[in-house]
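Step one of this worksheet: look at the structure below.
Residue numbers count from 1 along this sequence. Side chains included, hydrogens not; waters and symmetry mates left out as well; all remaining heavy atoms used.
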Amino acid sequence: MFDFDSLFTKDNLIFLVGAGCSIDTPSNLPSAKVMMEEIIKFLCPKPEIEKILNIKELRFEGLVGTLSRTLDHELKILDYYGLCDSPNHYHYTLVELLKNHSIVMTTNFDHLIELALLNSNISKNQIIPVISNNDYKQYFNPKKLFSQGKYPIYKLHGSLKNIITKQDTKDSIMSTLSAFGKNKSGFDLFELDPNKKKLFEQFSQDNNIVVIGYSGSDDFDIIPALYKLNKVKSIIWVDHDDNKTLFDSYLIDNVEILSTLPIKEALKQILKSFLEKNIAENFFVLRGNTNKILSQLVKVDYQLTHEVFNLQINEFLQQNLPNPNHLVKLYNAHRIYHELEFFNDSLRLALKIIKICEKRRLNKWEEWLLGLTYANAGNAYAEKGELIKGLEYLNRGLDIVSKSKEEIEISLFYLDQGTILSSLARYNEALKSYQKALQIAKKYRNKHRISTIYFNMATLFHEQGNTGRAKKYLSQAIELNKKLGVLHQLASSLNLMGKILTSELKLDEALTCLAQASDIFDSLRLEPSKVEILGNMGAVYIYAQKFSLAIEKLEEALNIIERYELNGLKGFIYSNLGKVYLDTREYDKAKDYYSKALNIAQKEGNLRSVGIRLNSLGDIARIENDFDEALSKFKKVLKIAKENEYLRLRGVALNNIGLIFKEKGKYNNAITCYQKAIEIAHNTKDPQFLIMRYYNLGNLYREIRRFEDALKCFKKAEEIQKLLIK
């Protein structure tokens, strides 16, 4: 039996309260899963409902964010929670815990804890809902508040209204929904708001954290915050089972014991990470009826109301929101797919929407919707590797929305435009698009948008070989990401910094950045996101000629790919494995992996990747002196690069064709290819790329004894190198 008396004292408990606590009668609020089902049925066309319901990445707050951007700009959906005024036994138990000076923090949108306090003859001036940023600054010391006879309730996801002061606090919810909507993978709510972070860290030191009302599978902002703690006395997770009259208690002191426990797999993964991070002295799971477990802590005397809350969510939606027509339903489903990066489904519905819109006269709102749809279709095409078509659709969308005054939204179009132009190696145009987006973002002081633009600009300069400017913008992005708590983007920024440092052969620093990025994804429980990082770690070890470590990291990445069926990432890892075996001169294995990577790129229709992987196979053929085979592959690469405006890849192909002509003794042909490659290198603004081209031409001139021409090339390369060092 779990010994409460030995573990707890009355004033060292922090309760993290989730939606499960408001489900029991008479509250009868639906679970997040039920709410999502009803919202999706209301929002989306019938053929899409089942597919969307089965998307495991979909989160309630993210779905509400989508609803707020289409039908429910005023967040009326959350008024539903405010209509329930019937606290259940959990809320009255939390009242008694508050009276015993336990700290209560909840992600729930309802007001039932406050109402239970009022029903327990606690006066309004004693009750303090802590909701807004200013609230968190003011009410950071709960012990002091308790000593004054005050009862704070910390509302982590915000609330539409402070029912005690009647203050409108919608902004607190908007910031939460924005973060969920833009980052399906999770974020650290406490990092997002520094005041919440400071308060939570202060609360948790040497205290016991009791988690109730969470299944472990549908929460992804509280958990990352817990991962960062390291001075917690105990974490006690209450795993609710309504059918158990007694409860079972488990001490979790090693990873092996988890496999034997009758608890949910999601919870096992959370506890495994807790153990690995060593964030608390003790870890416990209590499995049973939550209310009966809490009754061991406090004795509660309350009278539940006979007024049972029975308003069905589908009734509420029909009564309070405009009924979406078929076009709007299609757009809602399209938007859900797009934000969750289901790009094939997103594109499928986008094309339907565009077809419908072409046949009817549109009002202003429908025109805006059409512009957004074109932009999303453009992004989806770009993700599929059809960059020219993607840019065409995006530009159509920009033409439509540019008539609007919604500048901050238009900045997203410029951002996406820059990304596609950068992928096409049209770097000057891309930079202009990013600068337009940055100008708007700065005007509106949108720090999240600014950090994203800095990251994209850093990526552009990295691709150009301008590591100095890349690191400058990336450092600014990392600093903003840390301040804002946008952990997913912080990890991506650290990953890119690792790649840049690898290109500079600063391998130890690169590994440090990549390890930090990996740790963030671990804390967010985002193992799939580690694949690219592991691939980049493999690249570091290839440069360091630590090939066994490279293979170890790349095979770890492949295991994750297989586990999560992330077939789109296989090509990247196969290419790096091909590089390992190319460098170790195991050419048959190298060809095998590069061929696998090529097949994947061809199936995906990603022509840029097709060109890159054909080029690698051409390199192997050249090394094996099969010059005809090498030339054939390099010419295919050149054709792909020309047709799709892949400027850098075109330069690489011309350079490699020049190498083959040189080997065949066709020196004039080789010189022509090298000169064209140099011209392209000038256009890419990549100094390292340009230096290599000049050296290749210089070496050829020296070989055929045109020493003056050779000297000119070497001097050019040296001048560029000096400028680069400066």
Charged N-O contact under 4.0 Å between Lys633 and Asp626
no
Evaluate the side-chain proximity of Phe714 to Tyr695: yes if any heavy-atom separation is below 4.5 Å, no if none is.
yes
For residues Tyr337 and His334, establish whether the separation of their ring centroids is below 6.0 Å.
no
Would a 4.5 Å heavy-atom cut-off, applied to side chains only, mark Ile678 and Lys676 as touching?
no
Could you go through residues 381-391 and list every donor-acceptor pair under 3.5 Å that involves a side-chain atom there, pairing it with any protein atom two or more places apart or in another chain?
unit_1: Lys384; atom_1: NZ; unit_2: Asn344; atom_2: OD1; d: 3.4

The criterion is side chain to side chain donor-acceptor pair (under 3.5 Å); which residues satisfy it with Ser575, sequence neighbours excluded?
Arg613
Under-4.0 Å salt bridge between Arg348 and Asp345:
yes
Does Glu719 pair with Lys715 as a salt bridge, N-O distance under 4.0 Å?
no
Is a donor from one side chain sitting under 3.5 angstrom from an acceptor on the other, for Arg622 and Asn656?
no
Distance (rounded to the nearest 0.5 Å) between Phe343 CZ and Asn376 CG
9.0 Å
Those residues at least two apart in sequence (or on a different chain) that pass side chain to side chain donor-acceptor pair (under 3.5 Å) with Glu624 are Lys591
So, Lys471 and Glu504, do they make that salt bridge, N to O below 4.0 Å?
yes
Under 3.5 Å donor-acceptor pairs involving side-chain atoms of residues 539-550, not counting sequence neighbours:
none

salt_bridge(Lys639, Glu643) N-O dist < 4.0 Å:
yes
Can you find a side-chain donor-acceptor pair between Asn699 and Arg702 that sits under 3.5 Å?
yes
Quick one: are Cys513 and Asn495 in side-chain contact, heavy atoms under 4.5 Å?
no
Taking 4.0 angstrom as the limit, do Lys506 and Glu509 come out as a salt bridge?
no
Sequence neighbours excluded, the answer for side-chain contact (heavy atoms from CB on, under 4.5 Å) partners of Asp519 is Lys277, Asp522
Pairing residues for Ser632 by the side chain to side chain donor-acceptor pair (under 3.5 Å) criterion, not counting sequence neighbours
none
